[in-house]
Trainee: 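My questions will all concern the structure given below.
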There are 2 protein chains.
Amino acid sequence: MSERKKVYQLVLMEIQRLIKEDGYVPGDKLPSERQLSIQFDAARSSVREALRAIELLGIIETRQGEGTFLRNYQTYHAVEVLASFVLQDSRTKNELQEAQKVLEQHVLSEESIPDHTLKQLEALVDDLSLTKEEKHHYFFSGLFEANGNQLLFKMWRLMQDFQANMELKVSPDYYEDIIEKYKKPQE
Amino acid sequence: MSERKKVYQLVLMEIQRLIKEDGYVPGDKLPSERQLSIQFDAARSSVREALRAIELLGIIETRQGEGTFLRNYQTYHAVEVLASFVLQDSRTKNELQEAQKVLEQHVLSEESIPDHTLKQLEALVDDLSLTKEEKHHYFFSGLFEANGNQLLFKMWRLMQDFQANMELKVSPDYYEDIIEKYKKPQE
DNA sequence: ATAGTTGATTGGTCAGACCACTTAGTGGAG
DNA sequence: CTCCACTAAGTGGTCTGACCAATCAACTAT
């Protein structure tokens, strides 16, 4: 009945608990593999399986000779891997786009945004050196930052990374229109 | 200069290539770990590190005594793992509630929902044996199911679970109002 | 004081052993 | 001949221990 978890999965949970309860923050060094294997009473190979898995997720980073470090989820290695498997699945693709759009729609629904953010966005749109994708990324990054909700931002960025491997098209006037919307009330 | 990839990462790419080029489809059985280690000229432990990583992503499934199988990626397994780290990292109650609300708002914005779903929701609201929290849960579960986006549903559920221990208050008439909104156009 | 050496620590990889589970074959009882 | 029980092989699960490679810190000789 009860699911017999594999050791590496148990270690995985232990590591999560460890990070949470001991208050590790990005950049911190985790205990060594050997230390963890003693601490969790598991073989080092099992600990490594768990570490490799969350390394692929981008949660930790390991440097030979130094150690294992908690990482700021900037780049999600997993995204590339996942994308390569899922690219065919149109349903997943649509769900992903819808989810991302939901978040974007939310930050766009803010009544107002700070002046300096507005200026940044304008500069962005006029910047000819940027590709469409880069504009989209920086544009909404700015909006999310203005919004202030880190969680939403992270969720969006995750999906953004994901879609980087898929084609994504927006209308050329898309950003200008948004900016206009925010400018009007202030003039 | 060139990045010295770890063995498990190389194996990972080999496995991707293998799956792609040999046309594996969900449900198919992959070569055994021992076979792969010979094929890729790597230790079995290295092969396992790669397999464990993509298992956590939900790409494959392993069954002891049987083998390793390619899996249907509809379950968004990776979302759970990532969420468990992301949520606990930036778990400001307010951010969480806002994010959750964004998703709920989205399913509420559907123009219409199926009749049978509507009936279910009505029955729910009238059910006196349910607590507020249970009502909220089942109510939106129904709406998300009607919406059909499994990714959104999963994200919502994760946040829902995470907030299980936090107080959450809604007005008593909250659900009735929503149902009314959807009923009107049909009468 | 500084530069170089060296040893301890840490991750990276490998080999091999043994266990747990599943499956297919094999042989005997009916 | 049929059917069931047992066996053997194959597979993932886990552990141990060894050695390599890179880093870091302490120590030493200049």
Side-chain angles (χ1 to χ4, degrees), chain A residues 1-16 18-19 22 24 26-72 75 77-78 81, chain B residues 1-16 18-19 22 24 26-72 77 81:
Chain A
M1 293 307 94
S2 72
E3 310 175 13
R4 290 190 337 289
K5 294 256 186 183
K6 302 175 195 173
V7 173
Y8 96 89
Q9 290 174 320
L10 295 174
V11 171
L12 195 54
M13 294 193 297
E14 289 289 339
I15 292 176
Q16 283 184 243
L18 183 90
I19 292 176
D22 289 17
Y24 283 92
D28 284 355
K29 183 174 171 222
L30 298 180
S32 72
E33 296 180 351
R34 289 169 177 86
Q35 173 59 35
L36 289 176
S37 74
I38 296 172
Q39 194 166 327
F40 299 149
D41 192 35
R44 194 182 152 210
S45 56
S46 294
V47 172
R48 279 185 64 83
E49 288 185 6
L51 289 177
R52 263 358 91 211
I54 60 178
E55 180 183 54
L56 190 67
L57 288 180
I59 290 168
I60 60 170
E61 175 184 9
T62 61
R63 294 196 286 272
Q64 186 176 173
E66 297 185 58
T68 305
F69 301 85
L70 197 57
R71 162 174 188 156
N72 226 334
T75 49
H77 301 268
V81 181
Chain B
M1 292 307 95
S2 72
E3 312 172 14
R4 290 189 341 290
K5 296 259 185 176
K6 302 174 194 171
V7 173
Y8 95 89
Q9 291 174 319
L10 295 175
V11 172
L12 194 54
M13 294 192 297
E14 289 289 341
I15 293 177
Q16 287 186 66
L18 183 88
I19 291 176
D22 289 16
Y24 283 92
D28 283 356
K29 180 166 178 248
L30 298 180
S32 72
E33 296 181 351
R34 288 168 177 87
Q35 173 59 34
L36 289 175
S37 74
I38 296 173
Q39 194 166 328
F40 300 148
D41 192 35
R44 195 182 150 208
S45 57
S46 295
V47 172
R48 279 185 64 83
E49 289 183 7
L51 288 177
R52 263 358 91 209
I54 60 176
E55 181 183 54
L56 191 67
L57 292 182
I59 293 171
I60 59 171
E61 175 185 9
T62 60
R63 294 197 286 271
Q64 185 174 174
E66 297 184 59
T68 304
F69 302 85
L70 197 57
R71 169 174 176 164
N72 205 330
H77 199 289
V81 187

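Just so we're on the same page: letters track the sequence lines, and every chain starts at 1.
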Trainee: Indicate, yes or no, whether a donor-acceptor pair under 3.5 Å links the base of D:dG13 to the side chain of B:Arg44.
Mentor: yes
Trainee: So does B:Arg34 reach the base of D:dG10 with its side chain, donor to acceptor, closer than 3.5 Å?
Mentor: no
Trainee: Rounded to the Å, how far apart are B:Arg48 CZ and C:dC19 P?
Mentor: 17 Å
Trainee: Evaluate the side-chain proximity of A:Phe40 to A:Val7: yes if any heavy-atom separation is below 4.5 Å, no if none is.
Mentor: no
Trainee: Show the nearest heavy-atom pair for residues A:Leu10 and A:Lys5, with the distance to one decimal.
Mentor: CD2-CB, 3.8 Å
Trainee: To check you understand the geometry: which heavy-atom pair defines the closest contact between B:Ile60 and B:Leu51, and what is its length?
Mentor: CD1-O, 3.4 Å
Trainee: Please give, in whole Å, the distance from D:dC24 P to A:Glu66 CD?
Mentor: 4 Å
Trainee: Choose from C:dT13, D:dG13, C:dT10 the nucleotide whose nearest atom is closest to any side-chain atom of A:Ser32.
Mentor: C:dT10
Trainee: Could you check how far CD of B:Glu61 sits from P of D:dG13, rounded to whole Å?
Mentor: 11 Å
Trainee: Just N and O in the side chain of A:Thr62: are any of them under 4.0 Å from OP1 or OP2 of C:dT10?
Mentor: no
Trainee: Could you give the CZ-to-P distance, from B:Phe69 to D:dG10, as a whole number of Å?
Mentor: 17 Å
Trainee: Could you check A:Ser45 against A:Leu51 and say which one's nearest nucleotide on DNA chain C is further toward the 5' end?
Mentor: A:Leu51
Trainee: Round to a whole Å and report the spacing from CD of B:Glu55 to C1' of D:dT11.
Mentor: 14 Å
Trainee: Without decimals, in angstroms, what is the distance between B:Leu36 CG and D:dG10 C1'?
Mentor: 14 Å
Trainee: Rounded to the nearest angstrom, tell me the gap between atom CZ in A:Arg63 and atom P in D:dT23.
Mentor: 10 Å
Trainee: State, yes or no, whether a side-chain contact exists between B:Leu12 and B:Ile54 at a heavy-atom distance under 4.5 Å.
Mentor: yes
Trainee: Out of C:dA20, C:dC14, C:dG11, which nucleotide sits closest to the side chain of B:Ala42?
Mentor: C:dC14
Trainee: Using OP1 and OP2 only, check whether a side-chain N or O of B:Arg52 sits under 4.0 Å from D:dG12.
Mentor: no
Trainee: What is the distance, to the nearest angstrom, from the CD atom on A:Glu33 to the C1' atom on C:dA8?
Mentor: 17 Å
Trainee: Do the side chains of A:Glu49 and A:Arg52 get close enough for a salt bridge, i.e. N-O under 4.0 angstrom?
Mentor: no
Trainee: Can you find a side chain N or O atom of A:Ser46 that sits less than 4.0 Å from OP1 or OP2 on D:dC15?
Mentor: yes
